[in-house]
Amino acid sequence: MILRWLLPIGFVGLLAIAVLLAIYLLRPQYREKRISATVVWKRVVSRTKKQRLMLTNVFIFLVQALVLVIIAVGFAEPRLYSKTQISPDSEYVVILDSSASMRAKSSASGDTRFERAVGMATDKIKEYFSETESGAVSVIIADSNPSYLFSNLKKDDESEIYSRLDKAECSLEEGNLEDAITLAGKHLEENPYAKIFFYTDTQFDNLGTAVEVINICDKESEQNIAILGCTVGIIDNQYAFEIVLGAYGNVTRRCDVAVDITGADNGNGKQDFHLEVPVNFAVNENNQSLEQIQRVTVMATNENYGGQPDWFFDVYEETKISISNLNDSIPDDDQFYVYGGMRDTIKVEYWSTDANSFWQLGFNNLAVNMNKSRDIAFKEIYQDQGMVAENHGFDFYIFEHSVPDEVLQEGLPTDGIILLADPDSTINDANIGLSFNQTVKIPSTACVSGEYHQLIQYMEPSKIHLTQYSKITVEDDSFKPLIFIDDNPVLLVKNTPSSKMIVLPFSINMSDFYGDQFQIFLYNLVNYFMPTTLDKFDFNLGEKVQFNCKGESIEVEHNEKVQNFVEFPAELTFDDIGTYTFTTTFGLNKEDEVRRAYVHVSTAESNLFETSDFRINLNAKELDGESQGRDFFIWFAVLSLILMVIEWYLQFKYIL
Amino acid sequence: MKGIYFTDDFFDRLERLALNFPTTLTGYFGGKHRINKYGQTVEFADFRQYQPGDDIRRIDWNLYARLGKYFLKLYTDERQMHIRIYIDCSASVGFYSDKSQYALALAVAFGYMAVRNNDKVSFHFLKDGKQSDPFGLIVGKNSFFSAVGKMEDIVFSGATDFSAISKIADMGSNDGLSVLISDFLTDNSWQKAVDYFLFKKQQVLVCQVLGKEELSPSYSGKFDLVDCEGIGKGDTRNVQLSITRAMIEEYKKELKKYKEEIKKFCIACNAAFLSVGTDVPVDKIIYRELMNLELVR
């Protein structure tokens, strides 16, 4: 049998015994010496020990602090960076700003910013591939939703790269440049050698060393005058169009604003108008990138309308606003459409055998509250004054106590919402699906809420106290009771395509309903049955809009493309510029309502020389491996361990 | 011991010296030290008006003849003092023979100066918390030299302990000088002894005697230093240290500081302090240091 050692080098460890012996041999040897007295020596030792102890304490503190610092630095993964340059065989990421402002055309070269950007990017990629064989290129199109035109294509796909770049188009949307930079930054996480080239017309400050921003603006040859918006109001009983104009760059001092009003109707026929107003901008010629906003008010007056007499009109079909400017870099923002004229008006007819002012006051308050969105036309009809009620042409019909005979004879209105307030038994003849029985008088009692309904949202039925109400027998299941008193319904609603009705079988005079609860009820009433289709009528491209319906469905049409909506509130994203037509179909015997909205290029994109305050630090890394970093961690750990042993030794020797 | 210090020449030089005591001491009748009270000597001091009861033999009749009033003639008074010499006979003083001889020489010098001036002398030897007075009260040179001859038999051993001083029952008051001779290299409270002397209204001299090795240690290296008064190894007074040149400097600084502390204490309680090294001859100490302290004239 032969004894073999697999790792004889392990015996080197026995040298430790020699080290141990050396330590023992070199250990201090103290000789005994008798002296007359040790008092003075003890005082010397005591004093030096005190001094040493103080120094030791300071040293121990320093060691402890050093241990903490080393542990902290160790966990921060210290790494040594070599000073090598970024390898040419790395990766190029190209971001092409594809926002609408990139469509600006230079009057000198005749090409757009986007075309220039594509050309420069193509040259950069060609130069890159002439130097590298293994490098990869990715191109990100920075529109409203940044995405790759292609990703990680190599030299073998060069023709494919150029072909795709040729086909790249600039969007009309607002560019989400921040997301595009963030998307490019992900390449840096995977490949620290990646280099990002950002072709844009927006000025960025300090995106990091890895990002090279190439601003492709041609300030000398680019200018833009844009219509940023238009609001319609009434001045001196006439329509007035307040147009907001923005001028950017080395603009021409003058432009003409044309306003074409189509289908203006004053009740005696329709007429078209063409108004033209010259606008002058106070441009400082020394400042080539001037930004100026100017508001211009245009009215159809003698002065503006060729000296003809003023022509008053109630409604118009369409108003086109355009500007003519020969050297405009972005033509897409040179026109604007305004539709519809006045705000929506809700028409209310109120008839009562014993009129009170609560309803008119309530609707007047509501009109004040909704002043910015629509108007309310309230018409009161009193039976005792011989006025005749109408059964068509209104959005709401309020019949209090009874229904006028002429209405009963012709039948209840079918083109609006009927509200029966404190109805008596004479209404039973109308066969509406409810029977009104006797009036019940009770001590003041609070109401109780039924199941949730939009009509009673924000209301607190317990704050409504009644002393009198009519008992109702419900024969039509489409009536939903919403509020009760003693298990008898005191607020019912019916909302079917052919019939919309609200019933309040109690007298407002015999309750404390009038007040905040009544005002909330009217607000809910209008918003439930007659919600605003659109809150505004001009939108930026790419904007998402939420809209409601007064009837059963809405048909949205744009460039012969039609979309139908039946569930509301509905959402729509405007993905093209131009006019969108919203046609509301009522279930009632009522004409369809048409509303139009104009979608234009984002006003922010009209600014040719925008500056972004977006900050991100995308820095090129110069480390070619992580192993060094990990090794350092071990060394730091060993160092801290040694220091901790020293600290323990000091504590043991001098303190314990 | 005789061969080193107690020579005829040594005593001849001391013949010319006398101890100087403050006049506030009272002492004993019949000495040579003038005090601040009137007495029976022949040296005129002052006049005083006669008062009934005064000895009429002391009336100055010449002055009466000129002035017609009675005046007494007053004379100075001279007293005998008692010099008590306390010698630390512990092992630390006897560790170096030159140091113990030096201490005894100083004691004998004080004693001789006293007996030469008709003063009384007593030697008290201290060790291990006890004191011995083998020679009793010495008056006159014969008794003195007899006592000095027996000093060869004194053994220096045991621990330093001054507590016995306060137990001496027949210590007089306001009657002379107490000299405490020791190396004071001890933790034992020698201050109590000094306080006791002061309580007894004694003139006090604290005399520290240090050997050459104690003033400047000549040894260096790593040592277990064993105190000679201890029990040997394991004694708490022992100290282990590495003695370097720097440490010896530290030792000297500390010793100087220690002497300063003793001196400071003595000044505070109006006692005289003298620290001497055995490298300085006893004569020089007596002629220079004691004269500077005005203890000798």
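Throughout, a chain's letter reflects where its sequence line sits, starting with A, and its residues are numbered from 1. Computed over heavy atoms, backbone and side chain alike; hydrogens, waters and symmetry mates excluded. Since we're looking at a predicted model, the values are computed, not measured.
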- Of all of B:Thr186, B:Leu225, B:Val93, B:Ile243, which one pairs up most often with chain A through heavy atoms under 4.5 Å apart? B:Leu225
- B:Asp227 versus A:Ala37, closest heavy-atom pair with distance: OD2-CA, 3.5 Å
- Query: Side chains of B:Glu214 and A:Ser36: donor-acceptor distance under 3.5 Å anywhere?
  - Reply: yes
- Determine the minimum heavy-atom distance between A:Lys42 and B:Thr236, stating which atoms define it. NZ-O, 2.6 Å
- Message: Go through it in stages, so that I can follow the logic: the residues are B:Phe223 and A:Ile35, the test is side chain to side chain contact (heavy atoms under 4.5 Å, CB included), and I'd like the CA-CA distance, side-chain angles, deciding distance and then a yes or no.
- Response: CA-CA 11 Å; B:Phe223 291 104; A:Ile35 58 171; over 6 Å; no
- Task: Under 4.5 Å heavy-atom distance to chain B, tell me which part of A:Val40 shows up: side chain, backbone, both or neither.
- Result: both
- Note on the structure: In this structure, CD of B:Gln240 is separated from CD of A:Glu32 (nearest 0.5 Å) by 11.0 Å
- CZ/A:Phe59: more than 12 non-hydrogen atoms of other groups inside 6.0 Å: no
- Message: I need the A:Arg43 CZ to B:Glu261 CD distance, nearest 0.5 Å.
- Response: 4.0 Å
- Item | Contact winner vs chain A - B:Ala91, B:Ser92, B:Gly221, heavy-atom pairs under 4.5 Å | B:Ser92
- Message: Tell me whether the count of non-hydrogen atoms from other residues, nucleotides or ligands lying under 6.0 Å of OH in B:Tyr219 goes above 12.
- Response: yes
- Decide if atom NZ of B:Lys263 counts as having more than 12 heavy atoms of other residues, nucleotides or ligands within a radius under 6.0 Å. no
- Message: Rounded at 0.5 Å granularity, tell me how far CD in B:Glu250 sits from CH2 in A:Trp41.
- Response: 9.5 Å
- Message: Give me the atom names and distance for the closest heavy-atom approach of B:Val226 to A:Thr38.
- Response: C-CG2, 4.2 Å
- Can you check whether A:Val44 reaches B:Met247 side chain to side chain, under 4.5 Å on heavy atoms? yes
- Contact origin within B:Thr160 toward chain A - heavy atom pairs under 4.5 Å: neither
- Message: Just verifying a value: how many Å separate A:Arg34 CZ and B:Asp224 CG, rounded to the nearest 0.5 Å?
- Response: 13.0 Å
